[in-house]
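All remarks here apply to the structure that follows.
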Amino acid sequence: MAAPLSDTPLSPLRSIAVIGLGTMGTGITEVLAKAGREVVGVDISEAQAARSLAALEASTARAVERGRLTEQERADVLARVRVSTDLRTAADADLVIEVAPESYEIKQQIFRELDGLVRPEAILATGTNALSVTRLAAESARPERVLGLHFFNPAPAMKLVEVVSSVLTAPAAVTAVTNLALDLGKEPVAVGDRPGFVADGLLFGYLNQAAAMYEARYASREDIDAAMRLGCGLPMGPLALLDLIGVDTARTVLEAMYAESHDRLHAPAPILKQLSEAGLTGRKSGRGFYTYEAPGSATVVPDALTPLSGTAGGNGTRPVSSVGVAGSGTMASGIAEVFAKAGYDVVLAARSEEKAQTAKARIGKSLARSVDKGRLTAEAAALILDRITPAGSYDAFADVDLALEAVAEDLEIKQQLFAALDKVCKPGAILATTTSSLPVVACARATSRPQDVIGMHFFNPAPAMKLVEVVRTVLTADDVHATVREVCGRIKKHAVDCGDRAGFIVNALLFPYLNNAIKMVQEHYATLDDIDAAMKLGGGYPMGPFELLDVVGLDVSLAIEKVLHREFRDPGLAPAPLLEHLVAAGCLGRKTGRGFREYARR
């Protein structure tokens with residue numbers, strides 16, 4: 001009788017079978033062969049197996065052209081790979097990785113057949129990102145050898161591999177597969193069995209909310225995608241990413257997540273079902289949220305929903321040559337710098353002349369850094385700074401064409417300021433708020449001219465970040481909206497339109513994702529480091545969620561979460577108790593030296 005796998009140290013996994021030779025299976029095959037493994041690829045379709053081999057030949061040929069492989073190394077890689085339509089060719093493998101379609105029926109059938117074929121000590125891995133590894137293991141004759149091995153697409157490029165254990169998985173199997181992942185040059189993250197695991201568990205909730213936002217016609221597909229790329233530094237917008245993943249695949253993942261969590265945030269947006277059932281599954285079909293040049297193409301082509309090129313301007317706009325910025329903090333000085341660089345005369349007003357002068361001095365230091373880096377000449381920096389006039393009273397806004405406030409994120413303070421601006425500013429001046437979470441219409445109602453009030457949500461740091469969310473209330477005049485869009489173009493910012501509701505586009509999608517990451521830690525599912533690594537390596541995020549929370553400030557994050565929860569009344573948006581506890585303890589992030597992590601005091 002063979003020793004139990006849990007007691008048997010496993011030799012290095014040298015011979016590996018990959019079941020399913022679609023894009024992911026082909027990519028995994030390439031990674032394994034380049035790392036010196038003998039690989040047999042199995043697919044029920046002879047044509048698909050041939051396409052997979054051709055894709056591997058083409059990929060390795062490109063690697064030779066780019067100097068990443070020699071001709072001999074390429075020949076060695078190709079010699080280590082064979083393809084077949086017969087599952088019996090996997091019989092001698094040390095490890096079998098199935099990446100068949102996301103269907104329990106299909107995967108369970110494969111595992112049942114493998115039970116009668118492979119050696120007793122062989123490990124069986126599923127590449128699922130949506131289905132229960134435990135349920136698949138339970139169907140096997142040896143559930144202790146079954147685990148999840150979730151690569152990310154494209155497998156040759158993406159560093160993250162999630163190693164998923166069920167309650168039945170033997171530690172020796174986990175160790176062997178983890179060592180393999182390291183030998184492949186990947187970053188393995190150990191996780192438990194729940195739909196989506198870490199990366200997709202956070203990613204798909206965010207994608208689902210973006211789909212629902214688009215379905216509600218809150219913002220255009222282009223604006224939603226641009227907002228998340230430019231506002232969060234993501235490599236792709238959520239709707240374009242859904243098209244890449246496959247709308248049908250996303251729906252399957254979300255159905256599995258909802259079946260376990262019963263969280264409405266995971267209930268697939270109806271548009272995902274409608275597109276899937278219409279065959280509009282994304283790039284692979286040539287049409288999803290966007291239309292593509294051909295099935296499988298990444299090239300987006302115009303369709304009936306494509307917006308007209310250009311920005312509003314010319315007729316129907318108001319002249320803007322002078323701008324008033326209210327506030328003395330980092331955001332106010334950054335916005336003043338942006339307008340001055342674009343050639344506008346700027347009045348920078350604060351509650352005292354001293355505060356205004358300090359804010360202007362901050363701009364001077366910022367411009368000096370640009371001079372030091374060769375981005376500006378000293379003469380240009382001096383001209384920009386000369387366009388900014390500090391003032392200790394909002395009376396200095398009497399002649400400005402656009403007055404923009406960047407004061408504390410407190411509705412009462414903002415309403416008082418708008419009431420003051422209403423008295424000071426000339427008729428026809430546009431009054432704008434930079435709020436990120438408060439109702440713009442509440443600021444507008446504090447004036448006698450709500451039609452002249454609009455939101456202009458800049459992102460920090462304003463000189464560097466390209467996005468401005470243009471927030472139109474039900475009372476905002478058409479020419480005010482058109483003027484602000486035109487001004488955004490002149491200051492070289494990308495404007496996206498959205499309605500006046502909590503979070504606008506970016507924060508409404510970003511903060512539930514951050515909140516769900518906190519819940520993962522709170523539930524002891526994964527560590528801070530593993531979650532941050534998963535989202536950077538598997539999702540392409542510039543920062544992990546906990547790195548970002550500590551930068552933003554836990555108190556600021558909690559305030560935004562509360563606003564979102566009050567607005568949408570969704571239990572899934574309630575702030576995670578762990579976040580509330582940390583804020584109550586004064587652990588607010590980098591600014592206090594401690595948040596989710598500890599930081600050296602400056």
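FYI, the numbering just counts along the sequence from 1.
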For Ala526, enumerate each residue passing the side-chain contact (heavy atoms from CB on, under 4.5 Å) test, keeping only those at least two apart in sequence or located in another chain. Val198, Ile531
Correct closest heavy-atom pair for Pro195 and Ala256 would be CG-O, 3.4 Å
With a 4.5 Å limit on heavy-atom distance, are the side chains of Met236 and Met228 in contact? no
Looking only at heavy atoms, which two atoms of Ala534 and Ala199 are closest? And how far apart? O-CB, 4.0 Å
Do you know the tightest heavy-atom contact between Val99 and Gly127? CG1-CA, 4.1 Å
Which class fits the ring pair Tyr513 and Tyr206: parallel under 30°, tilted 30 to 60°, perpendicular over 60°? tilted
Sorted by chain and residue number, the salt bridge (charged side-chain N to carboxylate O under 4.0 Å, His left out) partners of Asp76 (sequence neighbours excluded) come out as none
For Tyr525, does the six-membered ring have the charged nitrogen or CZ of Arg194 within the cation-pi criterion, i.e. under 6.0 angstrom from the centroid and within 45° of the normal? yes
Those residues that, when tested against Lys519, pass side-chain contact (heavy atoms from CB on, under 4.5 Å) (two or more places apart): Asn515, Asn516, Glu523, Ala576
All side-chain hydrogen bond (donor to acceptor under 3.5 Å, both in side chains) counterparts of Asn179, not counting sequence neighbours: none
Can you confirm whether more than 12 heavy atoms, excluding those of Arg119, are under 6.0 Å from its CZ atom? yes
Taking the side chain from Gln48 and the backbone from Leu21, do they hold a donor-acceptor pair closer than 3.5 Å? yes
More than 12 heavy atoms of other residues, nucleotides or ligands under 6.0 Å from CZ of Arg88: yes or no? no
Who are the side-chain contact (heavy atoms from CB on, under 4.5 Å) partners of Glu102, not counting sequence neighbours? Lys107, Thr128, Asn129, Ala130, Leu131, Thr252
Holding to salt bridge (charged side-chain N to carboxylate O under 4.0 Å, His left out), I want the full list of residues that pass it with Glu215, two or more places apart in sequence or in another chain. none
Going by salt bridge (charged side-chain N to carboxylate O under 4.0 Å, His left out), name the residues that satisfy it together with Arg283, two or more places apart in sequence or in a different chain. none
Using atom types as modelled and distance alone, determine if a side-chain donor or acceptor of Asn153 lies under 3.5 Å from a backbone N or O of Ile245. no
Once side-chain hydrogen bond (donor to acceptor under 3.5 Å, both in side chains) is applied, do any residues pair with Asp570, and if so which ones, sequence neighbours excluded? Arg264
Between Thr126 and Glu98, a side-chain donor and acceptor under 3.5 Å: yes
Test your reading of the model: is there a side-chain donor-acceptor pair from Asp225 to the backbone of Ala240, 3.5 Å cut-off? yes
Going by atom types only, do Glu113 and Gln109 share a side-chain donor-acceptor pair under 3.5 Å? yes
Listed by chain and number, what are the side-chain contact (heavy atoms from CB on, under 4.5 Å) partners of Met158, not counting sequence neighbours? Phe152, Pro154
Apply side-chain hydrogen bond (donor to acceptor under 3.5 Å, both in side chains) to Asp243 and list each qualifying residue two or more places apart in sequence or on a separate chain. Tyr292
Contacts of Lys284 that satisfy salt bridge (charged side-chain N to carboxylate O under 4.0 Å, His left out) - sequence neighbours left out: Asp248
Say whether, by atom type as modelled, one donor and one acceptor occur between the side chain of Arg221 and the main chain of Phe289 under 3.5 angstrom. yes
Donor-acceptor contacts under 3.5 Å from residues 552-559 side chains, at least two apart:
residue, atom, partner, partner atom, Å
Asp555, OD1, Lys591, NZ, 2.8
Asp555, OD2, Lys591, NZ, 3.1
Ser557, OG, Gly553, O, 2.9

Within the 3.5 Å criterion, strictly below it, is a donor on Asp193 or Thr134 matched to an acceptor on the partner's side chain? yes
